[in-house]
Amino acid sequence: MVDSADKLAYFQAITGLEDPDLCTQILQAHNWDLELAVSSFTSNHNNDPLSSSSTTATTTTAVEPSISPVHRYDSTAIAPVAPPPPGLAWKIITLPISIISGSLRILSGAVGFGFWAAGGILSYPLGFIGLGSSSGRGGDSSAQLVTVSAASREALEFVAQFERDYGGYGSSMPNFVGEGFMDALTRSRDSFKLLFVYLHSPDHPDTPAFCEGTLCSEVFSAFVNENFVAWGGSLRGSEGFKMSNSLKASRFPFCAVVMPATNQRIALLQQVEGPKSPEEMLMTLQRVLEESASVLVAARLEAEERTANIRLREEQDAAYRAALEADQAREQQLREEQERLEREATEAERKRKEEEEAQERAAREAAEKEAALARMRQEKALSLGAEPEKGPDVTQVLVRFPTGDRKERRFHSTATIQSLYDYVDSLGCLDAENYSLVSNFPRVVYGTDKLSLSLKEAGLHPQAGLFVELN
């Protein structure tokens, strides 16, 4: 929880006001809501950004409050600064929360530039303003100073105004992006370039000559467009004014070279204040590029390696999924084949059992039929009685079968035609049950209507020849 003294120090660092009583009154008027107080102060001073910037430059030259992520120093003390590394004035700048929250594409998972902070780092605590404070006001989004549309609109208006004012002095000029600072920073990170920042002070007397002679120089603008992502902001705009406070701009024209760092901060690699010739600017920017080339190359290689690893994982995942799908398809095919074989085996077993049962049933029926026929033949043979001896009342009967067999027997002349059928049945020479006994000369069929006639009445006495005719 930030106490009142810290809020007062933050407010003085942001606004550049040296009078602690005045800052205390402003904070008290806004119930010690730091972000709301800064928003109100910024809105009231947008009409005269140059004077506000000058005040900030004066105060920051005398006092540079510094709060690192771990230690907090006294707001009236100059932060101890180690000797800077050769060439670049390295600083880590914490961006205002209004600029960070004003972009939908907040830097996340930024390139690992943390080691740029080695030696001589000044950590400006501007990013602590209002972090999570929106919930304290019921989530009122109107408290954010710069929205996405406003930041983009300011950038587009700056680019259009710059082209109107200085586009006619040469065929080239820096390709300032028409988007907010955070979006431009993201663009530079994604393209592995440094971000060239120009803060435009329309009322400064050196601004026209610098824009015409340096920024719009064909050689300088071509160098910037090839090697940097360029972003410009006017001090008359909210975002340009805030960036001038964050970068501690004390003289104009003001240019800076930054790159994204960790925790929503930027690494200030170089700042150029005051009018400079194209040659001086080119030498400075060339030196910055040379000294940061290793970091940019490492970042590019890291991103390419990360992309290659992602692609490799995707290819491995795709190959794994394809192999898994193939295995599953084979397993499914094997299951289906196994199920088919099991069904066929079950069906074959069922048919085999049915055939065995049918055979057994047929054999049983045949046996029963044969037994019935045997009983029937035995019964009919018994019903015939013994064969009589020859005599005047005995009839000799010859029976011819379709197979050519002949059977002969003697019957009493008083025996009936039915006795002849019983005799034929008792022999078991016929498989057919439906037949008739027929005489040839003359042809007489002894059917069911003559079964009760005696042999003598039927004209078959004393002897007769009959043949079996199958119906």
Side-chain angles (χ1 to χ4, degrees), residues 328-390 394-461 463-471:
Q328 291 175 345
R330 284 193 295 270
E331 291 177 359
Q332 179 66 20
Q333 184 176 3
L334 290 175
R335 284 196 300 271
E336 293 177 354
E337 180 67 16
Q338 184 66 26
E339 292 174 357
R340 184 184 65 81
L341 293 176
E342 291 177 356
R343 288 195 302 271
E344 291 179 354
T346 302
E347 182 67 16
E349 180 65 17
R350 184 186 62 81
K351 289 182 177 180
R352 185 187 64 80
K353 289 182 178 180
E354 289 180 352
E355 291 176 355
E356 289 180 354
E357 292 175 355
Q359 291 174 358
E360 292 175 357
R361 185 169 54 254
R364 186 170 57 255
E365 291 175 353
E368 292 175 353
K369 184 177 181 180
E370 183 64 26
L373 290 175
R375 287 194 302 273
M376 182 267 296
R377 286 194 294 268
Q378 184 179 7
E379 291 174 356
K380 290 190 176 184
L382 291 175
S383 66
L384 293 176
E387 183 178 6
E389 296 293 336
K390 294 180 179 180
V394 176
T395 303
Q396 187 75 26
V397 178
L398 176 65
V399 180
R400 291 193 296 270
F401 291 88
T403 59
D405 294 338
R406 295 185 177 195
K407 298 295 180 179
E408 187 175 4
R409 190 182 189 281
R410 294 182 296 275
F411 295 89
H412 290 285
S413 61
T414 57
T416 61
I417 299 296
Q418 179 65 50
S419 299
L420 299 181
Y421 279 95
D422 293 340
Y423 170 68
V424 172
D425 291 338
S426 67
L427 296 176
C429 297
L430 290 177
D431 293 331
E433 297 179 357
N434 191 7
Y435 63 93
S436 299
L437 294 176
V438 182
S439 63
N440 278 333
F441 302 103
R443 177 179 171 79
V444 178
V445 177
Y446 299 96
T448 56
D449 56 335
K450 295 181 172 62
L451 293 179
S452 60
L453 295 177
S454 65
L455 298 180
K456 190 173 183 178
E457 291 173 347
L460 298 177
H461 182 74
Q463 62 183 4
L466 302 174
F467 65 92
V468 177
E469 183 180 81
L470 300 178
N471 296 331

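- What you find for Val444 and Lys450 is that their closest heavy atoms are CG1-CE, 4.2 Å.
- The distance from atom OG1 of Thr346 to atom NZ of Lys351, rounded to the nearest 0.5 Å, is 12.5 Å.
- Classification of Glu356 and Lys353 as a salt-bridged pair fails, no side-chain N sitting under 4.0 Å from a carboxylate O.
- By the 4.5 Å heavy-atom criterion applied to side chains, Val397 and Arg409 are not counted as neighbours.
- No side-chain donor-acceptor contact under 3.5 Å links Ser413 to the backbone of Thr395.
- The distance from the CG atom of Leu382 to the CG atom of Asp422 is 11.5 Å, given to the nearest 0.5 Å.
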Check against side-chain contact (heavy atoms from CB on, under 4.5 Å), Leu460 and Leu466: CA-CA 9 Å; Leu460 298 177; Leu466 302 174; 4.3 Å; yes
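- Using a 4.0 Å cut-off between charged nitrogen and carboxylate oxygen, Arg350 and Glu354 count as a salt-bridge pair.
- The closest side-chain heavy-atom distance from Thr416 to Leu453 is not below 4.5 Å.
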Going through the distances and angles, do Arg352 and Glu349 end up as a salt bridge (charged side-chain N to carboxylate O under 4.0 Å, His left out)? CA-CA 5 Å; Arg352 185 187 64 80; Glu349 180 65 17; 2.3 Å; yes
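- The shortest heavy-atom contact between Glu387 and Arg410 is OE2-N, 3.0 Å.
- Under the 3.5 Å distance criterion, the side-chain polar atoms of Tyr421 are matched with a main-chain donor or acceptor of Leu437.
- Within 6.0 Å of CD on Gln463 lie no more than 12 heavy atoms contributed by other residues, nucleotides or ligands.
- Remark: Ser426 OG to Gln378 CD distance equals 11.0 Å, nearest 0.5 Å.
- Residues Cys429 and Thr403 have side chains not in contact (no heavy-atom distance under 4.5 Å, counting atoms from C-beta outward).
- For the atom pair CG (Asn471) and CG (Asn434), the distance works out to 4.5 Å, reported to the nearest 0.5 Å.
- For the residue pair Arg377 and Leu427, the shortest heavy atom distance occurs at CD-C, 4.0 Å.
- To the nearest 0.5 Å, atom OG1 of residue Thr448 and atom CD1 of residue Ile417 are 12.5 Å apart.
- Just one of Ser419, Pro388, Ser454 meets the side chain to side chain contact (heavy atoms under 4.5 Å, CB included) condition when paired with His412; it is Pro388.
- In this structure, CD on Glu379 lies 11.5 Å from CG on Asp425, to the nearest 0.5 angstrom.
- Contact record, Pro442 with Ser439: O-OG, 3.0 Å, taken as the closest heavy-atom pair.
- Around NZ of Lys380, the count of heavy atoms belonging to other residues, nucleotides or ligands within 6.0 Å exceeds 12.
- Ring orientation note: the planes of Phe411 and Tyr423 are nearly perpendicular, at an angle over 60° on the 30°/60° scale.
- For residues 335-346, every residue pair satisfying the salt bridge (Lys or Arg N to Asp or Glu O under 4.0 Å) rule, not counting sequence neighbours, is listed here: Glu337-Arg340, Arg340-Glu344.
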